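The next block holds one structure in the form of structure tokens; read it before the comments.
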Amino acid sequence: MNVRDLARRALAARYIWAVVAILILLAVNLVRDPGYLAVAVNPVTENLSGNLLDILRNAAPILMIAVGMCLVISTSGIDLSVGSVMAVSGAVSMELLSSADGAPSAAFTAILLALLVSTVIGVVNGLLVAVVGLQPFITTLVMMLAGRGIAKVITSGQNTTARNETFRWIANGHVLGFPVVILLALAVVLVVGLVVRRTALGLMIESIGINARASRMVGIKPRGLLITVYSVSGLLAGIAGLFTVSTVMTVDVSQTGSAMEMDAILAVVIGGTALAGGKFSLTGAVAGAFLIATLNKTVVFLGVPSSATPAFKAVVIIVICLIQSERVRGYVSSRRRVPATRAKEGVA
Amino acid sequence: MSERAPIVEMRDISIEFPGVKALDAVDFRLFPGEIHSLMGENGAGKSTLIKALTGVYRIDSGSITVAGEPQHFSGTSDAEKAGIATVYQEINLCTNLTIGENVMLGHEVRGRFGVNWKATNKVALEQLARLGLEGLDPTKPLASLSLAVQQLIAIARAMVIEPRVLVLDEPTSSLDAKEVESLFVILRRLRDEGVAILFVSHFLEQVYAISDRLTVLRNGQFEGEYPADLPRSVLISKMIGKELEAFRSIDMTAQASSAQRHEATILDAEGLGRKGSIMPTDISLQRGAVVGLAGLLGSGRTELARLLYGADKADTGTITLRGKRTTLGSPVAALDQRIAFSTENRRDEGIIGDLTVRENLVLAVQAKRGWMRPLPRKEQDRIVAKYIEELGVRPADPERLIKNLSGGNQQKVLLGRWLATEPEILILDEPTRGIDIGAKADIQETVLKLADEGVAVLFISSELDEVVRICERILVLKDREKIAEIENGPDVTSQTIVGIIADHGAVVEEVAS
Amino acid sequence: ACGNGDGSDGSTDAGDGGTADGDLVTVGFVAVGPEGAWRQANEQNIQDTFTEEAGYELKFAPAANLDQASQISAFTSFVDEGVDVILLSATEGSGWEDSLRRAQEAEIPVILIDRGIEPDDTSLYVSRIAPDNMEVSSAVAEWAVSEFPDGGRYFVLEGPAGVSVVNERNEGWDAVMDDQPQFERVGAQTANWSTEEARSVFETVLSSEGNDIDIVFAQNDEMGLGAALAAEAAGLQPGVDVQIATIDGTQNALEALAEGRLSFVAEYNPLFGETAMEVVEKVLAGEEVESYIIVPSETFDSPEAAQEALPNRQF
Amino acid sequence: MRSDHTAAVAETVEHQDAQRRRWGALRARLLQVNPSAMPTAAAIVLFVAMLVFGEVSYGGIFQSNTLSNLLINNAHLIIIAVGMTFVILTGGIDLSVGAVIAFSSVAGVMLANAGWNPWLVMVVMVAIGLLFGLVAGTLIEFFNVQPFIATLATMFLGRGLASMLSTTPERLADDSPIRLLSRRITLVDGPGVNDLELTAGGIIAVVVLLGGFFVLHRTRRGRTTYAIGGSENAASLMGLPVRSTKLMVYMVSGGLAGVAAVVYTSRLGIAQNITGTGWELDAIAAVVIGGTLLTGGAGYVLGSAVGALVLGLMNVLIVRDGGINPEMTTVITGAILLVFVLLQRGVTMRRSDL
Ligand SMILES: Nc1ncnc2c1ncn2[C@@H]1O[C@H](COP(=O)(O)OP(=O)(O)OP(=O)(O)O)[C@@H](O)[C@H]1O
Ligand SMILES: Nc1ncnc2c1ncn2[C@@H]1O[C@H](COP(=O)(O)OP(=O)(O)OP(=O)(O)O)[C@@H](O)[C@H]1O
Ligand SMILES: [Mg+2]
Ligand SMILES: [Mg+2]
């Protein structure tokens, strides 16, 4: 494995363009402020601080849901409920903490319960898709509506605030000056990555995403796999919810996690996983998540007016999509031939 | 004939896919009023040449002339406008639409209020009638048809535009003798009307029966253009690029296994049936025996096999496996019982297109082990290397996506997939479909070898010769019902079976065994 | 002469202003639904006021996703059904003329809660009861002017671009600030009314401005609290290094004010259910009512003021 | 005489026979209609069931004004649901419709206020929709961007451009001809406001629906749309104009979003950058409720219109109930949707299991 090989492999990966886009955005910010990339110890809080760390911290929840979404999309499904599950998880934990004392045990109970509820929602999604045979889009759309309602019911519509130092530490704590939440997020990603790639889970998920009928004939049980995948997505969305509410120790039932499903889907697709399902790239989803966090931060850093923000994002997305497209790449490296017809296979 | 100007002339055509030179400076000429067979092994580049002609693939170099004019088609529709109708190797129809629509899509009869469905279906039915399918109801969904009939539908579709050039890529791969004969009648008539026909098939008899001229490709290269009276042995050696030696084995193995009888029943099904697909049927399989299922299209062979594998649930009947009553509710259960089933529907139920050859090969083994116990990479490589070598998959690159393999090579990979599970019962539904003659012999040999090792094989094929050649017992199905079960012997030929099928109805009970 | 008292005959009684459901007056409340603490308090207050004991049947119709289209269809449905009075708490001020005209045709009086309509055609409704957004945000600006006589650098955390509250609160603030050249506007960003977004936005703003922000004008409490968290995380002390002013006056905000984390809270008083009921009663009795009843709102500019108000805080 | 009589009897018998045969054939045809029509049929049945349920529990559903308003208030949703059906039939999706409506209406009203001819303005509004569809279609077809992402991008673009034009409501003059589209035409004058009414907007919705049905079922383009949804690869190998058809469906969806913008703007008299947030999901839900498969290839545009009406009726019923806890409304909406798709699934499952 020499450097040339590595470089070639990297270029072949579709998510390379997400990385390039991140670098470009960072460069733009750097032009705006030469000290942008500096990471320094904050004299008051004695923790590391800097824009890069801010980006990483903000990427943590997106990272979680993007990883879950990546697996779901790979089975040729979709999970629109992740944003609402975030709200549910936040609501459960905040409601519990607001009526408890500030003891660490309360925090652990809250975390466990929140994750349990989130996973249950995921399981329900999975059952509806795999056993009842509903379409993933509509199933999770229903769950997106119902989930936000459930969050509101849990807090009786209030934006619940709570105090608990242990819980707050998740998103605000530091280990050796480094934000805990990033470490947690990366650890979760690593675990998921290892589980799907070191076992045959990933291969089987891809297989049912590409051709469910053929997979069944091979002896793969799509049902169990689908339920697992949706549950994992629910669980990860629950974690994302915890990350989000613990930053501000408030759950905002109508805002927490709202429209986050779009961010997650975008991250996954920019990371090179096709929405039609099949081969997935967790690394790509991670890169996509970082790109979205960087983009969000850049918009604010550059002071793009609120009214122009969506257009700005649109332009960035379109540009990335164009760069990723075979056609444009064909123009760039004109040596490669482009088949007149896409190799896209009609999915049965 | 050669004085006339060719209607299609392809010169110096090259196409390169990443890692494979699929076509390398190939020339091809097609004249009006001829049936021209394109010959070559699996992966020789036949389908690619056809797709180059119709513009599905863009050519890297070379020129295409149709009726004297240089052309650069950008897809089937362009080609159709120039009078070239094509039936591609993998049946490309829309299963969500009706039969009539599939025949007529893009050529619907239009009236004052848009498409006139009545007239459209009428024309569709006329086209179907030309192929002897007048019994079909054009308003029924296509999905209700078996693969073979779908293949005929695709041909009917191609003839709707009254083409000047008709391209048929392995149109007969799932047809039986009767259908082939009626297809040939039509092809001959079209030829006499001046249509140029490009024909691809791995059945030499068919090629010789219908062709006027041949073009042989080997490894993506042009081997030569010959009149159709080329001796078989010469043709074969041109295709495989070596002398015929390796080839003898086919005849030697013929009916070799019928010498001994096998008694060790491993699977015994009684009254196995499913409403609407197959009547209650008895079937038993023995260790070391190859049992054949013969019958015409839609006779229910596939259906029976699916019940044995648990792909469909049986409504009636019992299965006794190794002496124990079992129910096979799903493929998983069947795999656990060391049953393997290679489907006839390669594209929809076989290959997992976006996975590599390696992944496709090990998938069944992996599924048996469960996701928790991944097959170590070394083990995977061993299995893959073994079957790529044994079955002669080309290109022998395990990391290539299976969808980019030629049809025949995909079939070989699928066979490898099932062999890798080391089954005790192997159900093969049309395993040699689309396989070149060399490889076909290899596969037959493999099947016999497996039987010798004690595997019980259920062998389904539309090619009766093949069934007769390697099976020791043959079940004959007709209209989704078992009508006979015969012991193979020196006096049994494909004609015997045809006779049984034809006589059924006249003679009520056929002697069993 | 068949008496069906289950109310299914509502439509036939439409127009005669009578009370279809026995003695109860049917009030249709076209509401906004869960949006934040302020809205919650406001709508709960109205629901608690128009009770059956008080002689009302309140029909509550929250908007789906804050979408005006769903409010319009709820409104139409109330008209079709023939309720006695409609309370309209619009998500958006404009585009209501046709619906209001239809209510008029059906002789159903409409009372606007909180949000006014644009253009303000007072003939289309009976009365509007609301605190004044412009006034409230001007109060914040005036506080800023008095607190920073020499001026300063301020940043605005807004709601979603294009929502009328945002426009009004901007307008009220700008009306004051436009005459104060010593103030420098660093920028304005939306944080979608949300604490966590506000925190994220403000942390970036602080880093891009090198922590050099004097005043934050947060258009609701939630965003103000987010800004405070961001400031703390950056090692600043809110109230000392940066002053944060918010609108709404929810309990959380007053607590933060009492702790000194916020510097100024302008109340936007949601508790006017009683007033609304009085108006309804007058209207049904055929009396005249004022076309705009401004709900008085307070401002809190010190921890002490907050401490004092906290024990009786209902929202 | 006798023979005459017998002849007459025979004739009647024959006639009856023929009729019975015709009826039999019709029944048989109805029973064995394409199984893909089942979900749509289920949707229609369930819609009627909902109407009856509403009438029984709350009353005032089967009355002229409620029914008229159901159509008038949901005209814009029906229109975008028809467009969405085209896209979804090909297996794609269009998330941009809501944002396109926002941009098209804001731009339209601003142009009208700048003194442009109102009729021209309406054309421009539709053209803006077409343009957005063209952009999305181009991204999808020529640059191989996935529909979800391409239309997400055009959604951001539409919303962003609308916000850049104006963040305050843009008002249409009261006498603007655009407003005419929402003038209520009374068909049956009932007591009070209980009239059977119709607006030009409602008529447009019906016309769009019929047009959509015609295109999908009676033109080659329409059938190609279905074919693409069945298998895009097969459709292109069958020589169907896949590219232009895919471009077309996105333009249809965009163009109809433009039409919906005209209809909605006319009804409200204002245009705003935040109009239409989340409508894409409503439209998709309507299409799915109407029995169209999100994977494409099966479904009916009529079902989508029913789906849109179901959503509208659901809101009416929630309003009529009036006692639903606000926190619970989304849960209930979700639950009703779920029950709906479950029932539909139940019906179709039993059919296909036969
Ligand atoms: N889309 C593709 N991408 C990459 N390689 C391809 C593609 N299509 C075909 N090939 C390769 O091109 C070669 C020629 O394939 P082709 O399908 O033309 O063979 P064929 O002669 O039709 O064989 P068969 O008899 O098995 O159908 C094969 O090696 C195949 O792997
Ligand atoms: N996928 C399917 N869905 C519904 N009906 C089917 C399907 N496949 C086959 N059938 C029906 O079952 C009948 C039996 O088909 P089957 O495939 O078993 O025949 P066969 O004997 O295997 O012949 P061949 O496979 O060569 O066409 C067909 O005539 C067809 O009507
Ligand atoms: Mg081929
Ligand atoms: Mg078969």
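Computed from a predicted structure; not experimentally measured. Worth knowing before you read on, the calculation uses all heavy atoms, side chains too, and leaves out hydrogens, waters and symmetry mates. The chains referred to below are lettered A, B, ... by the order of the sequence lines, with proteins before strands, and numbering in each begins at 1.
- Note: Phe103(D) and Phe132(D) meet the aromatic proximity criterion, with ring centroids under 6.0 Å apart.
- Taking the six-membered ring where tryptophan is involved, the planes of Tyr268(C) and Trp38(C) are tilted, since the angle between them lies from 30° to 60°.
- Electrostatic pairing of Arg101(C) and Asp121(C) does not count as a salt bridge here, judged by no charged N lying under 4.0 Å from a carboxylate O.
- Only the side chain of Glu92(C) comes within less than 4.5 Å of a heavy atom in chain D; its backbone stays farther off.
- Contacts between Glu97(C) and chain D at a heavy-atom distance below 4.5 Å involve the side chain alone, from C-beta outward.
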Quiz item: Under the side-chain contact (heavy atoms from CB on, under 4.5 Å) criterion, do Tyr56(C) and Leu24(C) qualify, and how do the steps go?
Solution: CA-CA 5 Å; Tyr56(C) 293 96; Leu24(C) 298 184; 6.0 Å; no

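- Proximity to chain C (any heavy atom under 4.5 Å) is shown, for Asn74(D), by neither the backbone nor the side chain.
- Comparing Lys59(C), Gln68(C), Arg102(C) by heavy-atom pairs within less than 4.5 Å of chain D, the highest count is held by Arg102(C).
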Exercise. Check step by step if side-chain contact (heavy atoms from CB on, under 4.5 Å) holds for Leu87(C) and Ile46(C).
Key: CA-CA 10 Å; Leu87(C) 304 181; Ile46(C) 287 181; 4.0 Å; yes

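- Using a cutoff of 4.0 Å between basic side-chain nitrogens and carboxylate oxygens, Arg39(C) and Asp114(C) are scored as salt-bridged.
- Heavy-atom distances place both the backbone and the side chain of Val163(C) under 4.5 Å from chain D.
- Residue Arg267(D) touches chain C through both its backbone and its side chain, counting heavy-atom pairs closer than 4.5 Å.
- Applying the side-chain hydrogen bond (donor to acceptor under 3.5 Å, both in side chains) test to Gln40(C) and every residue at least two apart in sequence or in another chain returns nothing.
- At a 4.5 Å heavy-atom cutoff, the contact between Arg171(D) and chain C is made by side-chain atoms alone.
- Looking at Glu170(D), neither its backbone nor its side chain comes within 4.5 Å of chain C, counting heavy atoms on both sides.
- By number of non-hydrogen pairs under 4.5 angstrom with chain C, the leading residue of Ile274(D), Leu77(D), Asn69(D), Thr333(D) is Asn69(D).
- Between chain D and the residues Ala161(C), Ser164(C), Ser99(C), Ala103(C), the largest count of heavy-atom pairs under 4.5 Å involves Ala161(C).
- Aromatic ring centres of Trp96(C) and Phe75(C): separated by under 6.0 Å.
- Of the two parts of Thr168(D), the backbone and the side chain both hold a non-hydrogen atom closer than 4.5 Å to a non-hydrogen atom of chain C.
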